[in-house]
Amino acid sequence: MISERAKKISPSPTLAITAKAKAMQAQGIDVVNFGAGEPDFDTPQHIKDAAIESLQSGFTKYTPTSGTPDLKKAIIDKLKRDNGLEYQPSEIIVSLGAKHSIYNAVLATVNPGDEVIIPTPYWVSYPEIVGMAEGKCIYVTADESASFMVSIEKLRKAVTPKTKMLILNSPSNPTGGVYTREQITQIADLAVEKGFYVLSDEIYEKIIYDGREHVSIASLGEEIKKLTITANGFSKAFSMTGWRLGYIAADKEIVYAMEALQSHSASNLVSFTQPAGVAALNGPQDVVEKMVVEFDKRRKYIVERLNAIDGITCCMPGGTFYVFPNISALYGKSYDGKVINGSDNFADYMLESANVAMVAGSGFGADNYVRLSYATSMEAIAKGIDRIAEAVAKLK
Ligand SMILES: *Cc1c(COP(=O)(O)O)cnc(C)c1O
């Protein structure tokens with residue numbers, strides 16, 4: 001019999017839709033895939049070269065659990081340069097992707113019954129990870145009319161003596177929402193006043209548009225810095241999703257606990273990817289900027305095209321490579337006698353009848369929406385939206 005813990009976990013819906021789309025493609029079906037949560041660009045050559053060189057030089061043994069000193073130094077330099085944060089090596093730990101970093105951070109801080117505030121729509125893994133730590137998720141809904149930014153008043157109301165942590169994700173997956181400096185400052189003040197941790201997932205910090213500013217909450221003062229667990233990684237900014245490199249910067253007590261956990265599970269992350277991480281952080285950053293310029297064109301195009309479809313409305317995201325259109329006006333309509341009653345039905349309909357993959361909003365706690373990733377070519381976007389428009393027009 002499998003454990004109660006395992007029974008409670010639902011597999012990642014984003015990975016599931018990607019797998020389904022890939023299986024259809026393998027059968028020769030021409031699927032337009034808006035499901036993938038990863039950039040479509042290749043990992044830059046200088047980063048690959050660093051890994052190859054390291055492998056060839058025999059850097060293939062265990063490394064320190066929390067990461068090589070070189071990689072930790074590159075992370076410290078990056079946090080200082082980009083985020084205005086000062087950390088010591090004892091306050092940094094590298095793990096197998098930011099997802100693993102977040103998992104370890106939650107397991108190292110959340111006790112059974114502790115409350116963790118999760119602004120909704122949320123990234124699919126947060127509730128599952130909090131559940132694995134037997135924490136209690138407290139969902140605070142952010143309205144579309146407020147660009148999916150949760151208000152400070154709502155957050156304040158959600159705080160109780162049991163609040164242990166707030167998970168902040170700006171720019172946000174799935175909504176693309178980006179909190180302003182003022183909003184982040186209000187959240188920091190609340191956390192300091194009430195004394196809870198802020199797990200700040202900053203993986204999309206570089207994928208941000210229209211001159212918006214990414215603000216690391218830990219940079220707003222010593223008190224909030226002590227309470228902040230900053231998570232980041234290489235997957236999204238450097239197109240390195242398969243490499244599995246992520247890190248946490250936090251108070252050394254937390255990092256020490258995470259290191260103990262990791263020493264009995266993963267040990268260290270892959271040895272020869274660590275020099276590649278150093279190359280990514282210390283090398284030319286224009287690769288990221290070029291990618292963002294391309295994403296920006298696609299963002300404007302996909303939003304315009306989606307809004308031109310009767311029954312779909314889509315707000316302009318401020319960051320990431322996702323759009324989160326509202327499709328609820330189509331609920332109650334049907335095809336072949338089957339009624340569309342929610343985002344799962346809608347995503348299934350699109351995949352099966354239009355060969356377009358997207359992720360249902362239900363997995364993000366927002367059933368009136370679907371998430372489309374525009375980390376795919378302009379040509380594929382045009383084709384995919386044509387198909388969506390056609391399939392929507394067929395609904396009765
Ligand atoms: C992709 C993603 C991550 C995890 O990235 P890794 O590949 O594990 O480094 C974490 N948070 C959010 C919001 C993401 O979208």
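In listed order, ligands and their atoms are each counted from 1.
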>> Enumerate the ring-ring contact (aromatic ring centres under 6.0 Å, His included) contacts for residues 153-194, please, sequence neighbours excluded, ordered by first and then second residue.
In response: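 Every candidate ring-ring contact (aromatic ring centres under 6.0 Å, His included) pair involving residues 153-194 fails, so no pair, neighbours aside, qualifies.
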>> Test: ring-ring contact (aromatic ring centres under 6.0 Å, His included). Region: residues 38-97. Which pairs qualify, not counting sequence neighbours?
In response: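 For residues 38-97, and leaving out neighbouring residues, the ring-ring contact (aromatic ring centres under 6.0 Å, His included) pairs sorted by first residue read Phe41-Phe295.
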> For the salt bridge (charged side-chain N to carboxylate O under 4.0 Å, His left out) test, which of Lys78, Arg212, Lys236 pairs with Glu205?
Replying inline: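 Option passing the salt bridge (charged side-chain N to carboxylate O under 4.0 Å, His left out) with Glu205: Lys78.
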>> Centroid separation under 6.0 Å, is that true for the rings of Tyr122 and Tyr139?
In response: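 Yes, ring centres under 6.0 Å apart.
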> Of the options Ile388, Val323, Leu351, which is the one that meets Met358 in a side-chain contact (heavy atoms from CB on, under 4.5 Å)?
Replying inline: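 The single option meeting the side-chain contact (heavy atoms from CB on, under 4.5 Å) with Met358 is Ile388.
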> Among all residues two or more places apart in sequence or in another chain, which pass the ring pair (Phe, Tyr, Trp, His ring centres under 6.0 Å) test with Phe148?
Replying inline: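 Per chain and number, Phe148 pairs via ring pair (Phe, Tyr, Trp, His ring centres under 6.0 Å) with Phe324, Tyr369.
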> Under a 4.0 Å heavy-atom cut-off, which residues neighbour ligand 1?
Replying inline: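 Under the 4.0 Å cut-off, ligand 1 touches Gly97, Ala98, Lys99, Trp123, Tyr126, Asn169, Asn173, Asp201, Ile203, Tyr204, Ser235, Lys236, Arg244.
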